[in-house]
Amino acid sequence: MTAKIAYDDVEVGTELPAQTFPVTRAALVQYAGASGDFNPIHWNEKFAREVGLPDVIAHGMFTMAEAIRVVTDWTGDPGAVAEYGVRFIKPVVVPNDDQGATVEVSAKVAAKLDDNTVRVDLVAMSAGQKVLGMSRAVVRLA
């Protein structure tokens with residue numbers, strides 16, 4: 001696959017389509033099985049509260065993976081992501097109800113780099129709080 005977005009068609013400040021991702025307890029259990037991360041803070045409310053958390057929290061890597069989907073959906077090619085990093089600054093608290101939580105992600109092109117690459121800065125929010133800091137990806141465009 002090749003990115004569908006052309007480097008010459010992108011300017012600094014270009015906003016990517018924002019997305020909202022649901023996070024449910026069921027999704028966390030599925031992610032635990034796929035990743036092998038069965039830490040009880042991600043599925044056991046009693047344990048999470050005993051260690052000082054407000055409730056079960058989403059895996060950081062799950063949150064990170066959901067956020068980069070804004071970029072991969074925009075480019076049309078997950079392989080276009082050359083670099084990606086975040087700082088985990090707040091947990092995504094996932095209540096045990098029919099709603100769960102949501103992660104709202106917005107992104108924009110922050111810099112045009114060499115070799116048809118751009119730096120995209122992402123903002124991920126949940127319950128009105130920023131949950132990822134320094135969330136940046138370097139993306140190779142067509």
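For the numbers below, each heavy atom of this structure counts, side chains included, while hydrogens, waters and symmetry mates do not.
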In a table with atom names and distances, give each donor-acceptor pair under 3.5 Å that connects a side chain of residues 88-95 to protein atoms at least two apart or in another chain.
none

Quick one: side chains of residues 122-139, donor-acceptor pairs under 3.5 Å with protein atoms, not counting sequence neighbours, listed by atom name and distance.
{"from": "Ser126", "atom 1": "OG", "to": "Thr102", "atom 2": "O", "distance (Å)": "2.8"}

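In this structure, CE on Met61 lies 5.0 Å from CE on Met64, to the nearest 0.5 angstrom. Rounded to the nearest 0.5 Å, atoms CG (Leu16) and OG1 (Thr72) are 10.0 Å apart. If you take NZ on Lys4 and OG1 on Thr75, they are separated by 9.0 Å, rounding to the nearest 0.5 Å.
Val71 is connected to Val103 through a chain of hydrophobic side-chain contacts under 4.5 Å among Ile, Leu, Val, Met, Phe, Trp and Tyr, so both are in one cluster. Tyr31 and Leu53 fall into different hydrophobic clusters, defined by Ile, Leu, Val, Met, Phe, Trp and Tyr side-chain heavy atoms under 4.5 Å apart, directly or through other members.
When only modelled atom types and interatomic distance are considered, Asp73 and Gln19 share a side-chain donor-acceptor pair under 3.5 Å.
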### Query
Could you go step by step and tell me if Asp55 and Arg25 meet the salt bridge (Lys or Arg N to Asp or Glu O under 4.0 Å) rule?
CA-CA 11 Å; Asp55 207 331; Arg25 294 275 181 101; 2.7 Å; yes
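Across every non-hydrogen atom of Thr2 and Ala142, the tightest pair is CG2-CB, 4.4 Å. Residues Val120 and Trp74 come closest through the heavy atom pair CG2-CZ3, 4.4 Å. Between Gly33 and Phe38, the shortest heavy-atom distance links the atoms CA-CZ, 3.6 Å.
Scanning for salt bridge (Lys or Arg N to Asp or Glu O under 4.0 Å) contacts around Asp37 gives an empty result, with sequence neighbours left out.
Between Asp121 and Lys108 there is no salt bridge, since no side-chain N of the basic residue sits under 4.0 Å from a carboxylate O of the acidic one.
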